[in-house]
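Everything below concerns the one structure shown next.
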Protein chains: 2
Amino acid sequence: MKKTLIYIADDEVNICNIIKSFLVKEGYEVETFHDGQSILEAFEHRAADMLIIDIMMPMVDGYSVCAAVRKQSSVPIIIVSAKDTEPDKIAGLTLGSDDYMTKPFSPMELVARVKSIFRRIELDKSSSHRTSTIQVADVVLDAETKQAWHGNLEIPLTSMEFSLLLYLINNKDRPVSRGELLDKIWGFENEVETRATDDVVKRLRKKLGDFGAQLKIETVWGFGFKLANKN
Amino acid sequence: MKKTLIYIADDEVNICNIIKSFLVKEGYEVETFHDGQSILEAFEHRAADMLIIDIMMPMVDGYSVCAAVRKQSSVPIIIVSAKDTEPDKIAGLTLGSDDYMTKPFSPMELVARVKSIFRRIELDKSSSHRTSTIQVADVVLDAETKQAWHGNLEIPLTSMEFSLLLYLINNKDRPVSRGELLDKIWGFENEVETRATDDVVKRLRKKLGDFGAQLKIETVWGFGFKLANKN
DNA sequence: CTATTTTGCCTCACTTTTGCCTCATTTTTA
DNA sequence: TAAAAATGAGGCAAAAGTGAGGCAAAATAG
């Protein structure tokens, strides 16, 4: 497991070191910088997982760093500043930062906020895969019960057919190669010369057609298949 | 477009109303509650997109609400509290909230933080299904899906045509010899006497022309081909 | 164990892609 | 200017890929 990497930029060396020591204690990998220019260059060379940036820095200020990074990355950013007026905070938050803390601050609170942001990212990542039913066009699949529905009518699918259709639905509009299907659904590791995929697709098409589903499996010539809405 | 729904729970009715008015002004749909019990029931009945919760409330306190909601939902939560000690903040953030603001606070700052959290969620959403596309002039190639686009219209390319066009685009403005193409795309090592390259180029030109793409494959006499913008 | 369903393979007809051929046209060279 | 070399366009057919029906092995149910 690779360590989570955090960059800190503050022209006060002491502050950098204090923050760094707390974050390292939590298991993060930390690099410190003391002006806007150098953290930008470092980020370009190796992207970090989070940036903690002071506003007032020589060369390039924190706002500019924030804006520059946001142009090409969605990395979370915490702004740290001695400026504690409302307009300052709003400007920082609006510019693209995820949090704004005013100096002096508690390092423990900073750590808690860092964790909170990473937790938010994880929550969003996992919640998108947690739904047990998924709907595309007029077809509903229930991953738990392995049932497919067209309106109130159940479409009787075998387990292979269900798995394949679920995989295609999860990759809607993206062409999926036969090799990928064999790998992900059959579990073959190497390229096996088989047209088993074509057979399942053939039977799926038949059943979807019989039920008049507004959903079709298109052929991507010389490659594989793609799920699309019927037009 | 459905409005984003935010629930607020605070036993001070005035605070609720102030926050609500600011958020409504920003276009959010807002419901207010005055104890922990009722916001939990409401959430169970209809999930909101964000919760703003006071710590000190009758019946069920904010911490408990936060913990209860987190058990089954990843909805973002902002805790608002008069308690401004470090342990309070850390407890709130650790328990699962996304932000912790101490009273009295600026409503404008709250709005900025609300927006910041939604932006974070959007950033994570969009970055998770980023595509590896290359664009030249008005033509977009997606190497992953092997598709070429002219605006919203897909240009149907065979796999040979796609590979050749991709190679030319990656070497835009540089003349590429037939031998190089045979080597890199067909995989022939020696100089094979074939005009297969010319055939694929011929068909590519036809299709690009049919779609009115601002992109053309120029002939470099006695050598090969070169991709260029149409002028 | 038997009956039924599921699944993979085979064959064959059919479709799409790809390379080659010919010939006209363009560019270079003598 | 004429001959030679290279390229472009259209047609064609081999090669490659796919779909449908039938069949039997394998898995599942009774």
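Chain letters run A, B, ... following the sequence lines, proteins first, then strands; residues in each count from 1. Remember, it's a predicted structure, so these values are computed and weren't measured experimentally.
- For A/D199, counting side-chain heavy atoms from C-beta on, the closest listed nucleotide (D/dG19, C/dC9, D/dA5) is C/dC9.
- Residues B/I8 and B/I39 come closest through the heavy atom pair C-CD1, 4.3 Å.
- When the side-chain nitrogen and oxygen atoms of B/R205 are compared with OP1 and OP2 of D/dA9, none of them lie within a distance under 4.0 Å.
- At C/dG19, one or more side-chain N or O atoms of B/W186 fall inside 4.0 Å of OP1 or OP2 (strictly under the cut-off).
- When heavy atoms are screened at a 4.0 angstrom cut-off, B/R203 is found touching base atoms of the nucleic acid.
- Residue A/T194 has a polar side-chain atom (N or O) positioned under 4.0 Å from OP1 or OP2 of C/dC9.
- Contact annotation: A/T219 does not reach the phosphate of D/dG17 (side-chain N/O to OP1 or OP2, under 4.0 Å).
- In this structure, a donor-acceptor pair under 3.5 Å is present between the side chains of B/R205 and B/T219.
- Protein atom CZ of B/F225 is 13 Å distant from nucleotide atom P of D/dA6, rounded to whole Å.
- Regarding A/L182, its CG atom lies at a distance of 12 Å from the C1' atom of C/dG8, rounded to whole Å.
- Looking only at atom types and distance, the side chain of B/H150 has a donor-acceptor partner in the side chain of B/D138 under 3.5 Å away.
- Distance, A/M160 CE to D/dA25 P: 20 Å, rounded to whole Å.
- At D/dG17, none of the side-chain N or O atoms of A/R178 fall inside 4.0 Å of OP1 or OP2 (strictly under the cut-off).
- At whole-Å resolution of the value, CD in B/E218 and P in D/dG8 are 12 Å apart.
- The CD1 atom of A/I185 sits 15 Å away from the C1' atom of C/dG8 (whole-angstrom rounding).
- Using modelled atom types and a 3.5 Å distance limit, the side chains of A/E109 and B/Y100 yield no donor-acceptor pair.
- Across the protein-nucleic acid pair, A/K206 atom NZ and C/dT5 atom P stand 15 Å apart, rounded to whole Å.
- OP1 or OP2 of C/dT16 has not a single side-chain nitrogen or oxygen of B/T158 nearer than 4.0 Å.
- The distance from atom CZ of B/R195 to atom C1' of D/dC12 is 16 Å, rounded to the nearest whole Å.
- Set against C/dG8, C/dT16, D/dG10, the side chain of B/K202 has D/dG10 as its closest nucleotide.
- Listed pair B/S159 / C/dT18 meets the phosphate criterion, a side-chain N or O lying under 4.0 Å from OP1 or OP2.
- The closest side-chain donor-acceptor pair between B/N229 and B/K216, if any, does not fall under 3.5 angstrom.
- The CD1 atom of A/I217 sits 16 Å away from the C1' atom of D/dA20 (whole-angstrom rounding).
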